[in-house]
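Got a structure for you, written out below as structure tokens; questions coming shortly.
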Amino acid sequence: MAQKTLVNVLVFCLLTVTLLSPIFLTSASAQSGGITVGEWAMDQIKPSDSGTITPDSTGVNHGILAGEVEPELVDGKYDKALQFNGKNTVYVPIKFVVGFPPMSQPMYVPISQNLDIQKYVQISSWVYVPSLYDATYNQIVTKCNHPDQACDWQNTLRVLGLSIRAGTPENGEQYVQGALSGYVETDSGGFNEIVTTQSVPLNQWIKVEFRRDTTGMHLYLNGDEQTTTVLHGVQNPQGNIVNGTEYYFGHDSLITIDNIKLVDLSPPNVTEDAFDIGPNIMIAIIAVAIIFAIAWLLRRAIQLWIIRPKI
């Protein structure tokens, strides 16, 4: 009878841990991981029907080299990287524009909707900046939109991006030359931008990152979060990120870019109130369950030894 009871207790403990583990681990990984929607190593270029491309490791969103002199391969942080001269770029379409007669207005056909991240996002890259280009935004990664379906370059708006601020500040703006910048435009919060209080170091490889999560917008340099100020809007804007028509890498920049990664931190199957206990607490739960089982076993062994008939 005692052995049967012991087996039942052990089975109960293991069953509890087994049932709880997927819930806890799924919540933790969903909160911390996200989904990579695009990752460009920038270490190779290939001919294609669209022109010369740099591949996306997901196999979906290849970047198209553009400019009178296209970006060229040079030594990178890891293997090769693409070098930009301020007048060229890599273009990644989100929508394809069609507008042949008899259509009076151009029309956009979605081709890479996963690049239209709705809520929370992470953009990261390795960059080498020899000097600043004379442009307000030295772009590393920027997502653009064409309001009213217009195709004019002058009618292009920045809606999400990671860049370096340079050039002449616009009215009311104050920032140090070479400040790292991260920005989003949301459907209910307008345009919002933060900048670092220090300029990025030149002539060395640095890892830069922009992140918008439940706590707002953040900028990182070599893995360390940077002190920032709000240049436009607020640090924690509300609403979804405005959809776009294309991404540009290295636009208006004298920069070498290696390994761009774009992560959707809020995929549809992840809820904002997911319970994230983390791997350490998960280990603690399993350890406690085992300790209780062993303790019960020892207690029963002692009880049986005490009441065992003396011979």
Side-chain angles (χ1 to χ4, degrees), residues 26 28-67 70-84 88-96 109-129 139-144 159-163 182 184 205-213 219-223 241 243-251 253 255-270:
T26 299
S29 61
Q31 284 290 89
S32 60
I35 294 177
T36 298
V37 298
E39 186 168 8
W40 299 266
M42 310 287 275
D43 59 1
Q44 58 178 313
I45 55 177
K46 299 179 177 180
S48 77
D49 295 338
S50 304
T52 306
I53 66 167
T54 185
D56 167 24
S57 66
T58 71
V60 179
N61 304 306
H62 302 311
I64 303 168
L65 277 63
E70 293 179 348
E72 62 176 331
L73 287 174
V74 297
D75 290 337
K77 173 67 177 179
Y78 303 105
D79 196 10
K80 295 295 183 179
L82 280 178
Q83 184 179 68
F84 299 83
N88 50 23
T89 188
V90 167
Y91 163 82
V92 184
I94 302 173
K95 300 173 184 176
F96 182 76
V109 179
I111 55 175
S112 292
Q113 290 179 290
N114 67 331
L115 292 179
D116 263 332
I117 297 172
Q118 296 299 299
K119 196 75 175 175
Y120 303 123
V121 62
Q122 177 186 358
I123 303 171
S124 61
S125 178
W126 283 94
V127 299
Y128 186 97
V129 185
Q139 304 286 1
I140 300 169
V141 177
T142 184
K143 178 176 118 176
C144 295
V159 296
L160 168 67
L162 172 64
S163 68
V184 296
W205 280 103
I206 55 174
K207 186 176 184 181
V208 292
E209 178 184 329
F210 171 62
R211 184 182 181 98
R212 185 210 182 190
D213 56 27
L219 288 166
Y220 300 83
L221 180 64
N222 294 327
I241 301 169
N243 288 340
T245 50
E246 70 266 348
Y247 279 83
Y248 293 98
F249 303 156
H251 190 269
S253 296
I255 193 172
T256 302
I257 301 179
D258 199 348
N259 196 27
I260 293 174
K261 189 173 184 179
L262 185 63
V263 178
D264 186 347
L265 298 176
S266 56
N269 61 337
V270 178

OG1 of Thr54 to CD1 of Ile64: how many Å apart, nearest 0.5 Å?
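These two atoms lie 11.5 Å from each other.
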From Leu73 atom CG to Gln83 atom CD, the distance as rounded to the nearest 0.5 Å
10.0 Å
Let's go through Tyr247 and Thr89 carefully: what are the C-alpha distance in whole Å and the side-chain angles of both, what is the deciding distance for side chain to side chain contact (heavy atoms under 4.5 Å, CB included) to 0.1 Å, and is it a yes or a no?
CA-CA 10 Å; Tyr247 279 83; Thr89 188; over 6 Å; no
To check you understand the geometry: which heavy-atom pair defines the closest contact between Ser125 and Val127, and what is its length?
OG-CG1, 3.8 Å
Non-hydrogen side-chain atoms of Val37 and Ile117 separated by less than 4.5 Å:
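Yes, side chains in contact.
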For Phe249, which residues count as a ring-ring contact (aromatic ring centres under 6.0 Å, His included) partner, sequence neighbours excluded?
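Scan of Phe249 (ring-ring contact (aromatic ring centres under 6.0 Å, His included), adjacent residues dropped) gives Trp40.
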Under the criterion side chain to side chain contact (heavy atoms under 4.5 Å, CB included), which of Ile255, Val90, Ile257, Val74 is the partner of Leu82?
Val90
How would you list, by chain and number, every residue that makes a salt bridge (Lys or Arg N to Asp or Glu O under 4.0 Å) with Lys80, sequence neighbours excluded?
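Lys80 satisfies salt bridge (Lys or Arg N to Asp or Glu O under 4.0 Å) with Asp75 once adjacent residues are dropped.
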To the nearest 0.5 Å, how far apart are CZ in Phe84 and CD in Glu72?
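Separation between the atoms: 11.0 Å.
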Are Gln44 and Pro55 close enough that some pair of their side-chain heavy atoms sits under 4.5 Å apart?
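SC-SC contact between Gln44 and Pro55 confirmed.
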Close side-chain approach of Val92 to Ser112, heavy-atom, < 4.5 Å:
no
For the residue pair Pro71 and Ala66, what are the closest heavy atoms and their distance?
CD-O, 3.7 Å
Working note: Asn88 + Leu65, criterion side chain to side chain contact (heavy atoms under 4.5 Å, CB included); need CA distance, chi angles, decisive distance, verdict.
CA-CA 8 Å; Asn88 50 23; Leu65 277 63; over 6 Å; no
Under the salt bridge (Lys or Arg N to Asp or Glu O under 4.0 Å) rule, collect the residues that match up with Asp56, sequence neighbours excluded.
none
Asp258 side chain to Gly76 backbone, donor-acceptor under 3.5 Å:
no
Exercise: identify the closest heavy-atom pair between Leu160 and Phe210:
CD1-CE2, 4.0 Å
Just by modelled atom types, is the Lys119 backbone N or O under 3.5 Å from a matching donor or acceptor in the Arg212 side chain?
yes
Got a sec, which residues hit salt bridge (Lys or Arg N to Asp or Glu O under 4.0 Å) with Asp43, two or more places apart in sequence or on another chain?
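Residues passing salt bridge (Lys or Arg N to Asp or Glu O under 4.0 Å) with Asp43: none at all.
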Excluding sequence neighbours, so at least two apart, what forms salt bridge (Lys or Arg N to Asp or Glu O under 4.0 Å) with Asp79?
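Checked Asp79 against salt bridge (Lys or Arg N to Asp or Glu O under 4.0 Å); zero matches.
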Report yes if the side chains of Lys207 and Leu221 come closer than 4.5 Å at any heavy-atom pair, otherwise no.
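Of all side-chain heavy-atom pairs linking Leu221 with Lys207, none is under 4.5 Å.
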Residues forming a ring-ring contact (aromatic ring centres under 6.0 Å, His included) with Tyr91, sequence neighbours excluded
Tyr248
If you apply the rule side chain to side chain contact (heavy atoms under 4.5 Å, CB included), what do you find for Asn61 with Leu115, and how did you get there?
CA-CA 8 Å; Asn61 304 306; Leu115 292 179; 3.5 Å; yes
Nearest atoms (heavy-atom pairs only) where Ser48 meets Ile53:
OG-CG2, 3.2 Å
Reported NZ-to-CD1 distance for the pair Lys143 and Ile123, which is rounded to 0.5 angstrom:
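Output value for this atom pair is 9.0 Å.
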Approximate separation, where rounding is to 0.5 Å, of Gln122 CD and Ser124 OG:
5.0 Å
Do the side chain of Glu246 and the main chain of Gly244 share a donor and acceptor less than 3.5 angstrom apart?
no
Could you state the interatomic distance from CD (Gln139) to SG (Cys144), rounded to the nearest 0.5 Å?
7.0 Å
Consider side-chain hydrogen bond (donor to acceptor under 3.5 Å, both in side chains). Of Gln118, Gln113, Lys95, which one does Asn243 pass it with?
Gln118
Side-chain contact test, heavy atoms from C-beta onward, threshold under 4.5 Å: evaluate it for Asp116 versus Ile94 and give yes or no.
yes
Note, Asn259 side chain near Glu39 side chain (heavy atom, < 4.5 Å):
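Yes; the side chains approach each other to less than 4.5 Å.
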Heavy-atom side-chain proximity of Ile140 to Val208 below 4.5 angstrom:
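Side chain of Ile140 against side chain of Val208, heavy atoms only: contact under 4.5 Å found.
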Applying side chain to side chain contact (heavy atoms under 4.5 Å, CB included) to Arg211 and Leu265, what does each step give before you reach the verdict?
CA-CA 9 Å; Arg211 184 182 181 98; Leu265 298 176; 3.6 Å; yes
